[in-house]
Structure formats: C-alpha cells, structure tokens
Amino acid sequence: MNMRVFRHVAELRSELNSQRREGKTIACVPTMGNLHAGHLQLIRLAREKADIVVATIFVNRLQFGLNEDWDQYPRTFESDCEKLDAESCDYLFSPDETEMYPNGMEGQTRVVSPTMTDVLCGASRPGHFEGVTTVVTKLFHIVEPDVAVFGLKDFQQLAIVKRMAADLCIGIDIIGAPVARDPDGLALSSRNTFITEEERPKANQLYQSLRWVTEQIERGQRDFRALESEAKIQIETAGFRLDYFSICNAGTLDLAVDDDKELAILGALFTAQARLIDNLTLSID
Ligand code: PAF
C-alpha cells in the first residue's frame with residue numbers, strides 16, 4: 001500500500017509541513033468511513049484540485065444524538081484503506097477519540113453556527129450540526145488544506161460549512177461534489193447498508209419524489225407547499241415515514257417563496273433501520 005496512515009495529529013502535521021515546504025498544495029476529504037463510490041468521487045475531485053490528497057476517517061460521536069446510530073455506524077477500516085489506496089489517496093488521517101478530543105467531549109470548545117442549523121436535518125437532529133462544525137474546524141486546523149471537498153448529498157452540511165468558513169475567515173476553498181447514485185436513483189450513503197432487501201425496491205422513492213417535484217416546478221407549478229404535501233403522500237404511500245420534504249431557497253435554506261430563483265428541494269425519510277436524505281437543486285426564471 002502506498003497510502004500512509006496517520007493516527008496522531010503531530011505526525012500528520014510534521015509530514016504535511018514538509019510537503020508544504022516543497023510547495024505542494026493539499027486537499028482534504030473528511031469522511032466517517034464505510035466508503036462507497038460517492039466518497040471515491042470526492043477523492044478524485046480532490047486529486048484534480050491539489051498535489052496531495054488527505055482523506056480523514058473519524059466517526060464523530062459529537063455529531064450523533066444519544067438515540068442515534070453512533071455505535072452501529074458501519075466501520076470498515078481495512079476495505080476503506082484499500083479503496084483509498086486504489087484511488088492514489090496520499091494520506092489517511094484516522095485518529096481515535098482521545099486524539100481528537102484529548103480533553104474529553106464534555107468541555108470541548110464548540111463551533112456554533114446560528115444560521116441554517118435548526119431547520120431540516122437540524123430540526124430532527126438537535127446538536128448535530130454543532131458536532132459537525134466543531135469537528136470540521138478541528139480537521140481544518142489539523143490538515144490546514146488549501147481545498148476541502150464535501151459531498152452535495154449533505155447539501156445542508158455543505159452550506160453550513162461554507163458559511164462557517166466565511167464567518168470565521170477560514171481561507172480554505174470548500175468544494176461540493178455531485179451526489180453519486182445507484183442506477184435507480186438512490187443516493188449512495190454509508191447508511192444504505194441498513195436498507196433491508198424488502199425495502200430496497202422502493203428505497204429510491206425520495207429521489208422519485210424529488211424528481212417529480214422538480215418537473216412540476218419546471219412546468220410552472222409554483223404552489224410549493226402543495227407540492228411538498230403531495231411528495232409526502234407519495235413517500236408515505238411507498239411505506240416510509242417522512243422526516244421532512246421542503247422546497248427551499250438554495251442560498252438561505254428558508255422555505256421557498258414565489259420569487260425565489262435558486263431552489264434546493266431537500267428530503268429525509270426513515271426506513272425501518274435508517275434515516276436517508278437526498279436533494280435536488282434547480283434554477284427558475
Ligand atoms: O459528512 C460526513 O461524513 C461528516 O459529517 C463529516 C463532514 C466527515 C464530519 O464528521
């Protein structure tokens with residue numbers, strides 16, 4: 001294996017410092033592991049943007065609620081390493097919890113964004129985005145990349161991270177990579193492992209409804225709330241519990257109003273054992 005794996009902040013820093021001294025640019029791809037084709041697309045994009053690619057794998061307990069799936073989150077370290085190495089990823093940073101939170105998580109200084117964090121996923125996962133902005137800030141300080149790549153499947157996460165970077169004058173170029181999908185449209189996710197065989201044929205319903213709503217808007221339908229209600233019925237009829245389905249202003253994530261031009265349609269549903277999210281964006285004139 002050519003890729004080098006680092007468990008400790010100090011060693012990674014010293015290696016990256018010597019690369020920087022040689023004039024190399026660095027791209028970072030933060031992940032929680034259980035890598036799929038979508039993650040590997042992020043690595044490829046990172047490779048186009050910088051000389052050195054650093055992937056990170058850390059299942060960040062700070063961003064999971066008490067009743068969420070932190071302990072069940074799939075951990076597939078060996079195969080993740082093989083996949084990253086096959087994509088010519090240069091370095092993997094995979095710390096344990098004491099390395100990331102040496103003073104414990106309780107008293108950890110947090111990065112709190114008051115903007116866009118309480119709606120959509122934030123409404124059903126209180127504290128989630130605080131955990132994300134905190135760990136991403138730490139990873140940014142550890143890796144000090146020129147570029148960081150995140151998946152657009154987590155549209156809200158990307159918007160919040162970009163806003164945080166702007167607010168805190170973090171000079172990293174933050175890039176979103178397109179959602180990778182199965183042939184039937186299901187967005188790739190580490191949590192797809194939890195979809196049962198019985199559920200799988202209908203698990204693309206969220207995508208189907210996102211497509212249907214997009215088409216209605218493209219045809220001139222502007223009653224956004226009626227479209228959301230119809231999508232909810234479609235998803236529930238397919239047998240899933242809906243968390244949310246919202247047509248939003250893509251810039252603010254507020255519910256869209258008539259004269260909004262850039263829209264993001266976002267949804268989340270529950271299967272028996274997982275919570276799946278997806279989104280589509282569109283521009284209207
Ligand atoms: O998107 C993820 O996998 C995580 O939220 C991230 C960005 C790696 C932070 O833990």
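Counting starts at 1 for both ligands and their atoms, in listed order. Everything numeric in this text was worked out from a predicted model, so none of it was measured.
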May I ask you to check if ligand 1 and Q157 share an N or O to N or O distance below 3.5 Å? yes

Extract all donor-acceptor atom pairs below 3.5 Å that involve side chains of residues 22-29 and protein atoms in other chains or at least two apart in sequence.
residue: T25; atom: OG1; partner: D51; partner atom: N; Å: 3.0
residue: T25; atom: OG1; partner: D51; partner atom: OD2; Å: 3.2

Between N279 (side chain) and L152 (backbone), is there a donor-acceptor pair under 3.5 Å? yes

Are E106 and Y101 side-chain neighbours, meaning at least one heavy-atom pair lies under 4.5 Å? no

Using a 4.0 Å cutoff against the non-hydrogen atoms of V135, which atoms of ligand 1 qualify? 9 (C), 10 (O)

Please identify which atoms of ligand 1 are closer than 4.0 Å to at least one heavy atom of P30. 8 (C)

Exercise answer: donor-acceptor pairs, residues 224-233 side-chain atoms, under 3.5 Å, sequence neighbours excluded:
residue: R225; atom: NE; partner: E228; partner atom: OE1; Å: 2.9
residue: R225; atom: NE; partner: E228; partner atom: OE2; Å: 3.4
residue: R225; atom: NH1; partner: A256; partner atom: O; Å: 3.1
residue: R225; atom: NH2; partner: E228; partner atom: OE2; Å: 3.0
residue: R225; atom: NH2; partner: I247; partner atom: O; Å: 3.3
residue: R225; atom: NH2; partner: A256; partner atom: O; Å: 3.4
residue: E228; atom: OE2; partner: I247; partner atom: N; Å: 2.8
residue: S229; atom: OG; partner: R225; partner atom: O; Å: 3.1
residue: K232; atom: NZ; partner: E236; partner atom: OE2; Å: 3.1

Side chain, backbone, both or neither: which applies to T31 and ligand 1 if a contact is any heavy-atom pair less than 4.0 Å apart? backbone

If you take the centroid of each ring, where Trp contributes its six-membered ring, are F240 and F270 closer together than 6.0 Å? no

Closest to atom 9 (C) of ligand 1 (judged by heavy-atom distance), picking from R61, Q63, M32: Q63

